[in-house]
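As the structure lists them, so they are numbered: ligands from 1, and atoms in each ligand from 1. This is a predicted model, so every value here is computed, not measured.
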Amino acid sequence: MNKVLVTGGAGFIGSHFVKRLLQADDVATVTVLDALTYAGHMENLGEAFFSPKLTFVQGNILDAELVDDLARQHTAIVHFAAESHVDRSFLEAGSFLATNVFGTQILLDAAMRHGLQKFVHVSTDEVYGPLLSGSATEFDLLRPTVPYAASKAASDLVALSYFHTYGVPVCVTRSSNNYGAGQHPEKIIPLFVTRLLKGRGVTLHGDGGHVRNWLHVEDNCHGVERVLTDGTPGEVYNIGGGTDLTNKQLTEILLRLCGAGWDSVAFVADRTANDRRYAMDCTKAAAALGYQPTWALEDGLAQTVDWYRKNPHRWAPLLRNPHAQMPAISLRTATQTGTTHA
Ligand code: NAD
């Protein structure tokens, strides 16, 4: 029976994953290690908190002694804990490197010492950088453009180096943009939804033509679980949602679902280093693990908007929390660069 340590399990994706894992017959125990930064909330775990299988530990992945003690008691680690918001990484790159790179290395060291059977390192499509055409496969070069993506790319490489050097059974998942219930309102979908539901306006960067792939959080968690169970050590798996949209197209859907119009939208100068387009080829996860996204985007977004409509007590306090607010950053009109992948 598996004993799984989930880092960042009180965050957005990690908490959905914990709820999923608690349902698995072959999982005996799940321990969440989470520092409860501004992004982590016990409420995200909901009733899962009462599961006899679940233990919650508030602690930092940079605490090597704590991590070592926890790793010793587990058979696998699924590593979600990270500083995850791109805009914040412009202001405090150091904490992104500390948590995302050195935190990952501390976990890997502990996994090596205690001979864990699997280490799933959860990463992002942003490590591939912008693509003007085509889609990135797991073999493509990493060309991150912002500190967040660079810290994730570095941590991916460190994780894979522990497989090659020490035989730690590491798998890396790279997913596209997640959405769903319980995401912090600093990210674009919950930011727009919470503002539109309050009758407020939203801003689109540049011409709104930046392309992102959207993945329902439950689909991502399914993919990560497939990798935990059957992923081959040393391999990277792209996990996508099947739907590429410009931010303008996404806004159109959100306006409709929230009952608002284009008069609620202001176009502002583009953000620094706002990658023009991300796109991933996900055929490897489909062929090797049978992974396919199941959520249609419109259904998933309707479910998400419905959750924010029904749960203002979950997100309104975050709007009042000064740590949840982004300090103003200087904007410039970004040069919209990208590389072309065949
Ligand atoms: P999140 O910000 O919602 O949650 C991060 C969690 O990690 C929080 O609970 C926080 O308290 C915890 N944490 C942060 N620093 C910590 C530390 N030093 N020690 C222990 N816990 C710490 O993030 P998320 O959106 O759920 O993302 C989870 C993972 O998935 C991250 O690794 C992120 O890079 C990756 N990812 C996210 C997306 C997305 O669209 N959200 C897309 C691709 C990949």
- Item | Sub-6.0 Å ring centroid separation between F17 and F80 | yes

- Could you pull out all residues at least two apart from F267 that satisfy ring pair (Phe, Tyr, Trp, His ring centres under 6.0 Å)? none

- Mind checking whether V158 and L108 have side chains closer than 4.5 Å, heavy atoms only? yes

Go ahead and list the nitrogen or oxygen contacts between ligand 1 and the protein that come in under 3.5 Å, distances to 0.1 Å, or just say none.
| unit_1 | atom_1 | unit_2 | atom_2 | d |
| --- | --- | --- | --- | --- |
| ligand 1 | 2 (O) | S84 | OG | 2.7 |
| ligand 1 | 3 (O) | F12 | N | 3.0 |
| ligand 1 | 9 (O) | G11 | N | 3.0 |
| ligand 1 | 9 (O) | D34 | OD1 | 3.1 |
| ligand 1 | 9 (O) | D34 | OD2 | 2.6 |
| ligand 1 | 11 (O) | D34 | OD1 | 2.6 |
| ligand 1 | 11 (O) | L36 | N | 3.4 |
| ligand 1 | 11 (O) | T37 | N | 3.0 |
| ligand 1 | 11 (O) | T37 | OG1 | 3.1 |
| ligand 1 | 18 (N) | N60 | OD1 | 2.8 |
| ligand 1 | 18 (N) | T99 | OG1 | 3.3 |
| ligand 1 | 19 (N) | N60 | OD1 | 3.4 |
| ligand 1 | 19 (N) | I61 | N | 3.0 |
| ligand 1 | 21 (N) | A35 | N | 3.0 |
| ligand 1 | 23 (O) | S84 | OG | 3.3 |
| ligand 1 | 26 (O) | F12 | N | 3.3 |
| ligand 1 | 26 (O) | I13 | N | 2.8 |
| ligand 1 | 32 (O) | F80 | O | 2.9 |
| ligand 1 | 32 (O) | K152 | NZ | 2.7 |
| ligand 1 | 34 (O) | Y148 | OH | 2.6 |
| ligand 1 | 34 (O) | K152 | NZ | 3.1 |
| ligand 1 | 40 (O) | N178 | N | 2.8 |

- Just grab all the side-chain hydrogen bond (donor to acceptor under 3.5 Å, both in side chains) pairs involving residues 7-17, residues at least two apart or on different chains. T7-H79

- Query: Among all residues two or more places apart in sequence or in another chain, which pass the side-chain hydrogen bond (donor to acceptor under 3.5 Å, both in side chains) test with Q73?
  - Reply: none

- Connected via hydrophobic side-chain network under 4.5 Å: I61 and V170: yes

